[in-house]
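First comes the structure, then the notes that go with it.
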6 protein chains.
Amino acid sequence: MKIIVSLGGSVLAPRDSERVGAHATVIEGLAEEGHTVGAVVGGGTVARKYIHTARELGANEIELDQLGVDTTRLNARLLIAALSERAATRPARDYETAGAALRRGEIAVMGGVTPGQTTDAVSAALAEYVNADLLVYATSVPGVFDADPDENPDAQRFDRLSAGELVDVIADIEMTAGSSAPVDLLAAKIIERSGVRTVVLDGTDPDRIGHVVNTGEHDGTDIVP
Amino acid sequence: MKIIVSLGGSVLAPRDSERVGAHATVIEGLAEEGHTVGAVVGGGTVARKYIHTARELGANEIELDQLGVDTTRLNARLLIAALSERAATRPARDYETAGAALRRGEIAVMGGVTPGQTTDAVSAALAEYVNADLLVYATSVPGVFDADPDENPDAQRFDRLSAGELVDVIADIEMTAGSSAPVDLLAAKIIERSGVRTVVLDGTDPDRIGHVVNTGEHDGTDIVP
Amino acid sequence: MKIIVSLGGSVLAPRDSERVGAHATVIEGLAEEGHTVGAVVGGGTVARKYIHTARELGANEIELDQLGVDTTRLNARLLIAALSERAATRPARDYETAGAALRRGEIAVMGGVTPGQTTDAVSAALAEYVNADLLVYATSVPGVFDADPDENPDAQRFDRLSAGELVDVIADIEMTAGSSAPVDLLAAKIIERSGVRTVVLDGTDPDRIGHVVNTGEHDGTDIVP
Amino acid sequence: MKIIVSLGGSVLAPRDSERVGAHATVIEGLAEEGHTVGAVVGGGTVARKYIHTARELGANEIELDQLGVDTTRLNARLLIAALSERAATRPARDYETAGAALRRGEIAVMGGVTPGQTTDAVSAALAEYVNADLLVYATSVPGVFDADPDENPDAQRFDRLSAGELVDVIADIEMTAGSSAPVDLLAAKIIERSGVRTVVLDGTDPDRIGHVVNTGEHDGTDIVP
Amino acid sequence: MKIIVSLGGSVLAPRDSERVGAHATVIEGLAEEGHTVGAVVGGGTVARKYIHTARELGANEIELDQLGVDTTRLNARLLIAALSERAATRPARDYETAGAALRRGEIAVMGGVTPGQTTDAVSAALAEYVNADLLVYATSVPGVFDADPDENPDAQRFDRLSAGELVDVIADIEMTAGSSAPVDLLAAKIIERSGVRTVVLDGTDPDRIGHVVNTGEHDGTDIVP
Amino acid sequence: MKIIVSLGGSVLAPRDSERVGAHATVIEGLAEEGHTVGAVVGGGTVARKYIHTARELGANEIELDQLGVDTTRLNARLLIAALSERAATRPARDYETAGAALRRGEIAVMGGVTPGQTTDAVSAALAEYVNADLLVYATSVPGVFDADPDENPDAQRFDRLSAGELVDVIADIEMTAGSSAPVDLLAAKIIERSGVRTVVLDGTDPDRIGHVVNTGEHDGTDIVP
């Protein structure tokens with residue numbers, strides 16, 4: 001099976017070696033079982049801090065995005081340091097380099113690619129590029145909700161959405177000021193056009209990733225083509 | 001004044017040297033008058049043909065996007081060949097290289113940057129990155145309409161839209177199957193967050209670009225921050 | 001057997017997915033049979049159109065060459081899109097990258113390298129660099145003639161030439177204004193010094209390439225060391 | 001005057017926009033006064049945290065160094081975001097790129113270069129490469145001491161050292177387990193061979209940097225050729 | 001005036017600092033007088049020695065060419081070290097980088113570009129690319145002769161040749177085993193198509209280069225368009 | 001076993017194809033026996049000559065270092081030309097590229113990385129990065145001595161040193177003007193921190209390298225963790 005795992009920066013938790021190590025173990029395990037595995041790592045709190053400082057200094061949004069991209073690559077390198085020799089030695093900066101690593105049987109690791117694109121979208125694009133069988137978003141919220149669960153205690157999690165419904169749900173959430181979706185709109189659109197099966201789940205426990213690959217079961221949201 | 005001009009690939013018309021030359025003349029003229037000018041060039045019919053062939057061959061959308069990006073760079077190089085020594089000698093592949101050229105007083109020329117991002121979005125991002133005073137979309141339709149004018153003869157052109165309204169209009173158009181907006185949603189969102197004044201106009205006559213810079217007047221749509 | 005296939009841009013025919021697909025099938029087939037295969041793709045009509053426009057705009061020959069090189073890489077990417085995962089994910093830009101791909105068992109695909117060098121010469125240089133057993137020029141004319149067959153109906157095809165004779169024949173053709181040789185002089189000289197067996201044949205039917213590899217038979221011109 | 005400023009990562013303080021802004025203001029001010037200015041930024045606490053996590057994960061020292069290098073470049077980008085258009089748009093990755101920016105009158109900003117070399121050494125090497133008139137180490141300790149002042153309250157600051165004496169002092173400090181010198185041995189040796197006048201001072205107050213350039217006065221340690 | 005100087009590796013003489021310095025002085029002098037100057041440096045004896053060793057080791061010709069290209073860049077860097085801050089800080093690897101440096105008023109320095117192309121051809125291509133007014137080949141023989149003067153004491157120097165005649169003369173020389181022309185055939189063809197005025201002269205005395213620029217007079221061969 | 005071989009430039013002897021070939025044979029032999037082998041090549045006499053000339057021309061030490069780095073890469077390419085297809089096709093410019101080649105089972109070859117770092121240090125860093133089992137310095141002196149054997153006939157070779165002792169010995173030698181150590185201080189420190197077993201031996205006879213790998217025996221100095 002060909003799997004792309006999207007690890008939010010908060011989920012990876014760069015200051016928590018145990019968490020990073022646990023994610024590495026799960027990814028290694030999947031590779032050992034014969035799966036082809038790529039990982040895309042987000043920026044998390046480190047990115048947010050740099051962006052906060054730079055915004056106060058008057059940086060424009062593209063500069064902020066670039067700081068974010070650089071931080072995702074730093075996080076990607078941290079994950080690589082935790083992986084075995086099975087992994088590529090440096091973060092891939094584009095889809096073709098990542099795809100080449102996967103074709104050679106390596107574990108490919110990416111961060112962001114360019115300003116104006118989140119690692120959500122990069123994950124979906126990499127999954128589309130390599131014709132993945134499964135895309136797993138390991139996020140800090142346990143699925144896709146009809147509202148931001150941090151803002152609204154009555155928010156309901158969707159167990160299952162078509163990719164088209166996902167686009168609509170995300171578009172609605174993005175319209176609501178202050179809300180944040182677990183996957184952004186560009187990512188949702190790429191998922192829709194690619195038809196890659198996608199699962200959004202709580203990534204704070206890395207074992208859930210291995211579990212969904214091996215059993216197809218999870219407590220998150222299933223996006224079906 | 002700092003100006004980013006977005007030239008659709010169809011507008012540039014790679015097989016029509018007169019048209020390419022006329023665009024180069026307008027851009028050169030603006031630079032000579034003391035403006036700082038960057039141009040972003042689209043893919044047009046050449047890109048569409050490559051994408052059509054590759055899709056028939058079973059390429060995925062990211063591969064198609066990459067063919068598109070490569071074609072925009074080819075078109076960008078053609079524009080550079082038509083410009084004087086005032087221009088950078090090769091297409092910039094990221095915002096920092098383009099921005100550095102503009103800081104040095106060169107005419108910067110870009111094509112696309114990466115799959116998943118059109119040159120519409122690249123234009124908006126470059127305008128945001130360099131804090132442009134004006135962003136001009138020279139497109140094959142003379143402004144933003146409430147529907148696709150090629151599909152609907154009653155489509156009305158907006159003379160003026162706020163950036164927020166632009167986002168809503170484009171989101172609506174993109175929902176309608178088969179319709180195409182003159183500027184895509186990601187671009188509209190970047191325009192909204194950057195607050196750069198933007199004009200969408202008919203780019204088949206390059207002189208309109210010089211005209212709007214010098215007089216502020218045009219027959220297209222004004223997007224005001 | 002280690003084989004380099006030189007596909008003229010007109011032979012590849014970027015707007016004809018069937019032709020591109022047929023070439024990809026032949027190359028894949030050779031790789032599946034255990035051969036090591038590299039392909040070098042030319043610019044064809046797309047390159048000619050860009051060069052024509054740029055020349056009218058006053059571009060110098062090096063700029064024209066560069067437009068040609070970029071187009072060959074676009075064509076190379078199209079071929080890659082048509083190939084399976086056996087192929088490298090992006091066109092190689094130099095001999096060492098292409099050679100490394102071949103050493104790893106991948107199908108390497110190149111376009112041009114630099115102004116002042118055609119893809120004819122790149123093909124011969126790649127064949128020399130990897131010590132190929134066979135170099136096949138799949139061109140739009142069915143071999144090497146004693147004159148340009150498009151200009152002169154009495155032109156005779158050579159069945160067999162030594163590499164030294166090839167150099168003389170090509171040098172003569174290049175002296176004749178308006179004539180074009182199926183392989184240029186720099187390529188011929190590289191073939192001569194490398195001693196790689198070379199076949200020039202009609203590439204409009206891709207199966208001829210597989211046929212010559214497997215049987216040694218063809219209707220073109222054999223260049224023997 | 002040609003000045004290289006080495007800003008320790010702790011001194012720059014990525015989470016404190018006021019401090020970063022104050023450093024940017026001083027550097028801009030020097031450039032406005034007609035000085036040629038380059039800045040080299042260290043890794044600070046962010047680097048230390050990544051390195052700590054990675055070490056727990058079993059990364060080797062070269063991997064840790066690389067994480068450090070990446071963080072210095074992130075910090076360098078933050079400083080660039082705080083600078084005006086006078087600055088190069090991206091961190092230089094080698095001395096030649098930084099030197100080229102300085103020759104063009106831009107403010108050059110670097111982070112680290114490669115594992116096995118601190119930004120202390122990079123600063124000294126850049127100063128040597130561009131034949132700087134002054135190298136300022138803005139550090140978290142106010143000069144060179146005969147012992148680590150954090151460990152030993154009786155440590156005495158040197159007001160003035162020859163470059164040869166600096167090498168001896170640093171070599172002694174590095175021999176003492178747990179001690180850290182404000183400038184490392186490789187840097188000291190490069191300072192010695194280059195003969196660039198160097199000042200080590202307390203960089204928590206950025207104005208001290210401007211002060212030493214304009215008056216030659218400071219409360220730190222003077223390294224004289 | 002825009003001038004490209006082609007310095008043979010033997011003419012530059014990497015082990016003779018006086019000669020290298022004298023060449024740098026002449027180039028600097030031309031730049032100071034307001035000329036735009038680019039230099040292309042050959043491989044000389046160092047290249048020949050590496051190539052000789054590698055050939056004995058069984059390297060193929062492309063590998064030998066690559067060793068040659070690398071050596072020319074080493075020689076180019078040596079020339080840069082001898083030039084003032086007016087020069088670009090590193091050898092350009094393609095025409096666009098060199099052209100950009102010249103547009104900014106820097107002295108551009110190149111070595112070779114790729115296997116299969118000598119620095120003779122690179123010089124002609126750079127001259128064509130930047131539309132140079134004059135191309136000077138400073139070689140170890142004082143002009144173009146009707147035979148190799150080292151082989152044939154009766155060889156006559158041409159005072160003046162049309163570019164077309166140059167191509168014929170060089171083609172003849174290259175046919176003669178063991179003979180070497182001061183400029184190779186590819187270079188001659190580029191000179192012919194570009195129409196750049198070209199002088200081939202004895203480069204062992206660097207002052208001859210300054211002399212021909214300032215007076216138009218020389219003892220070598222004039223190639224007129 | 002994973003082995004890094006550091007070949008001094010004088011030991012490789014670029015003008016002596018027999019010596020280069022003998023080294024290639026030994027390295028190939030080790031790879032054939034199943035070992036993972038990387039080689040780092042120094043600059044030797046060619047580097048010294050370029051540096052000598054450039055110093056006379058007033059180049060600064062960073063420029064001299066860069067000439068040295070470039071020469072080591074030239075030497076590395078020569079070694080690659082002598083190796084079989086088992087080797088990477090070009091010298092690696094950083095540890096991650098070299099490490100990736102080793103992970104794929106290729107023979108990786110490096111020269112220097114950046115000014116301020118010798119190939120001694122690069123060898124130690126590469127050994128640390130890939131967690132090598134053995135690092136062999138094949139130098140022009142047969143081990144580590146208590147003084148420079150070229151200067152002092154009574155110099156005694158150490159048969160065995162701890163890594164900490166090595167640091168002290170090298171630090172002492174470097175203090176003595178005019179003396180040169182077989183391994184520099186930065187390399188010694190990296191060896192100490194990495195704990196990689198290291199042997200310094202006479203590299204003029206390449207067979208000694210194979211001998212120490214296969215038997216553990218040698219006439220040089222053993223550095224034990």
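Chain identifiers are assigned alphabetically (A, B, ...) following the order of the sequence lines, protein sequences preceding nucleic acid strands; residue numbering begins at 1 within each chain. Given the structure is predicted, the values throughout are model-derived calculations rather than measurements.
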Is it the side chain or the backbone of Leu126(A) that comes within 4.5 Å of chain B heavy atoms, both, or neither?
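Nothing of Leu126(A), per the 4.5 Å heavy-atom cut-off to chain B.
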Validation row: Leu185(A), Leu185(B) side chains within 4.5 angstrom (heavy atoms)
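Yes, side chains in contact.
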Does any part of the side chain of Asp94(A), heavy atoms only, come nearer than 4.5 Å to the side chain of Thr114(B), both counted from C-beta?
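Not touching, per the 4.5 Å side-chain cut-off.
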Spacing of Asn131(B) atom CG and Glu63(A) atom CD [to the nearest 0.5 Å]
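Between atom CG of Asn131(B) and atom CD of Glu63(A) there are 7.5 Å.
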Can you tell which of Arg193(B), Gln66(B), Lys189(B) has the highest number of heavy-atom pairs within less than 4.5 Å of chain A?
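Counting heavy-atom pairs under 4.5 Å, the top option is Arg193(B).
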So which part of [X] gets closer than 4.5 Å to some heavy atom of chain A, the side chain, the backbone, both or neither?
X         : value
Leu186(B) : side chain
Tyr129(B) : both
Ala121(B) : neither

Minimum heavy-atom distance Asn60(A)-Glu128(B), with the two atoms named:
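The pair with the smallest heavy-atom distance is ND2-O, 3.4 Å.
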